[in-house]
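Report on the following structure.
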Amino acid sequence: MNKKIRVAVIGDSTAMWIRPYRNNIDNFTFVELLIKKDNLDEDIYTRPGMTSHDALILVWNELMGKFYDYCIFNFGINDCVPRSYPKYMANFHNNTLIAQTKAHGLIYLFYRFFTAIKVQKFLFKIGISKPWSNLKKFENNLAEIIKILSKETDSKIIFLTIPKTSKRVEGIFPNINNLIPEYSNAISKLQLNNTNIINIDSMFKMDYDKYIEEGIHYSSHGHQLVYTEILKVLEGKS
């Protein structure tokens, strides 16, 4: 029996969700498609809103003691989107599915319907609201991830770049499509012996409406395309 390839997938909701919502039982995310492969043994470390810093903490706390053949990192736009309130509040909301008090419920609603869109948009326009991770911090996080995995494991690393987003999303985050290429280029520059870069934007620009119609999360066609490219790397065809 051939040894299975051990794979870890680390990322945000772009690895978890299909948009528009899947309307067919045969629509799968690239993660689900990888799970269906008989020659792969896959562990999933994904959650909505994951940033490069979150991934670094995960690598330090959990992954460096596990010897995966490949670690796949799928970062969305979380690092480069502008912040409109403190990180600790974001963590609080992301980890609290149901408001425990009326006061928290009001704060949550205020954030969702006012701060997250109107205030955030205004602050970003006048240059006050900064990305969750500035570009230098993002680059440092990626470098540290590579350093830890290279030192403590024999894992090869696959980074997915960040595709540009839609006019709808750019309406909420002005100038976001000027920021995304800077962060995506930071990933593309990681040309080391144990790293592989899959340029998502280069693939999706053939037809953004088909592959990333909603603007952030991949469509079923987008996931299929990403899966195909990842498989080429895992099977040594790229």
Side-chain angles (χ1 to χ4, degrees), residues 9-22 27 29-31 46-55 72-85 90 93-94 111-113 115-135 137-139 141-142 158-190 197-227 229-230:
V9 179
I10 304 95
D12 71 341
S13 60
T14 54
M16 303 164 60
W17 299 338
I18 295 175
R19 297 291 185 271
Y21 295 98
R22 64 182 86 200
N27 291 160
T29 65
F30 75 81
V31 174
T46 59
R47 69 172 179 78
M50 180 178 282
T51 64
S52 61
H53 181 260
D54 297 327
I72 302 171
F73 290 89
N74 180 84
F75 299 115
I77 64 173
N78 300 296
D79 283 277
C80 56
V81 294
R83 65 174 72 194
S84 59
Y85 69 165
H93 284 311
N94 288 338
Y111 164 70
R112 285 296 181 193
F113 294 105
T115 308
I117 297 177
K118 298 183 184 301
V119 173
Q120 192 171 57
K121 184 175 180 178
F122 173 72
L123 292 178
F124 193 63
K125 274 187 173 180
I126 62 177
I128 294 177
S129 182
K130 303 300 182 183
W132 282 109
S133 307
N134 64 47
L135 185 58
K137 181 179 178 182
F138 182 68
E139 292 173 335
N141 289 338
L142 299 183
I158 299 175
F159 286 108
L160 308 186
T161 67
I162 309 166
K164 287 186 177 181
T165 187
S166 64
K167 290 183 179 180
R168 177 189 69 83
V169 177
E170 194 167 27
I172 300 172
F173 305 119
N175 203 40
I176 190 67
N177 275 334
N178 290 324
L179 283 175
I180 288 175
E182 295 179 4
Y183 286 73
S184 208
N185 288 338
I187 297 174
S188 297
K189 290 188 297 185
L190 302 172
I197 311 300
I198 296 178
N199 193 317
I200 303 297
D201 192 68
S202 180
M203 296 189 303
F204 283 4
K205 71 180 182 181
M206 296 183 293
D207 192 341
Y208 283 114
D209 289 339
K210 178 179 180 180
Y211 297 120
I212 190 168
E213 178 182 344
E214 178 250 25
I216 297 176
H217 302 94
Y218 313 152
S219 68
S220 59
H221 297 290
H223 277 287
Q224 179 65 53
L225 190 59
V226 172
Y227 163 73
E229 292 303 310
I230 291 176

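- Between I198 and V226 there is no side-chain heavy-atom pair separated by less than 4.5 Å.
- Listed here is the closest heavy atom pair of A15 and V31: O-CG2, 3.3 Å.
- R19 has its side chain out of reach of I216: every pair of non-hydrogen atoms, C-beta onward, lies at least 4.5 Å apart.
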Report the C-alpha distance between T51 and D54 in whole Å, list the side-chain angles of each, state the deciding distance to 0.1 Å, and finish with yes or no for side-chain hydrogen bond (donor to acceptor under 3.5 Å, both in side chains). CA-CA 5 Å; T51 64; D54 297 327; 3.1 Å; yes
Using the rule given for side chain to side chain contact (heavy atoms under 4.5 Å, CB included), can you reason through L142 versus F75, listing the C-alpha separation, both sets of side-chain angles and the distance that settles it, and then say yes or no? CA-CA 11 Å; L142 299 183; F75 299 115; 3.5 Å; yes
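- Taking CG from N177 and NZ from K164, the interatomic distance works out to 6.0 Å, rounded to the nearest 0.5 Å.
- Using the six-membered ring where Trp is involved, H217 and W17 have ring planes that are tilted, between 30° and 60° apart.
- In terms of heavy-atom proximity, E139 sits nearest to A186 at CG-CB, 3.7 Å.
- Contact record, P163 with I212: CG-CD1, 3.7 Å, taken as the closest heavy-atom pair.
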One pair to check against side chain to side chain contact (heavy atoms under 4.5 Å, CB included): C80 and I180. What are the steps and the verdict? CA-CA 7 Å; C80 56; I180 288 175; 4.0 Å; yes
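- Smallest separation of non-hydrogen atoms from D201 and Y208: OD1-OH, 2.7 Å.
- Ring pair H221/Y211: centre-to-centre distance not below 6.0 Å.
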Test side chain to side chain contact (heavy atoms under 4.5 Å, CB included) applied to I187 and F138, step by step: CA-CA 9 Å; I187 297 174; F138 182 68; 4.0 Å; yes
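- We find the CD1-CH2 distance between I77 and W132 to be 13.0 Å, quoted to the nearest 0.5 Å.
- For the atom pair CZ of F73 and CG of D12, the computed distance is 13.0 Å after rounding to the nearest 0.5 Å.
- Smallest separation of non-hydrogen atoms from M16 and T46: CG-OG1, 3.3 Å.
- With respect to I197, the side-chain contact (heavy atoms from CB on, under 4.5 Å) criterion is satisfied by exactly one of L160, L190, I158: L190.
- Shortest non-hydrogen contact noted between L179 and P131 is CD1-CG, 4.3 Å.
- Residue E213 holds its CD atom at 9.5 Å from OG of S166, rounded to the nearest 0.5 Å.
- Interatomic distance, F204 CZ to N199 CG, rounded to the nearest 0.5 Å: 10.5 Å.
- Not a single side chain to side chain donor-acceptor pair (under 3.5 Å) links Y227 to another residue, sequence neighbours left out.
- With sequence neighbours excluded, the residues satisfying side-chain contact (heavy atoms from CB on, under 4.5 Å) with S184 are T161, I162.
- Without hydrogens or angle criteria, N27 side chain to S220 main chain gives no donor-acceptor distance under 3.5 Å.
- In this structure, the side chain of N175 does not engage the main chain of N178 through any donor-acceptor pair within 3.5 Å.
- Rounding to the nearest 0.5 Å places CZ of F159 at 13.5 Å from NZ of K189.
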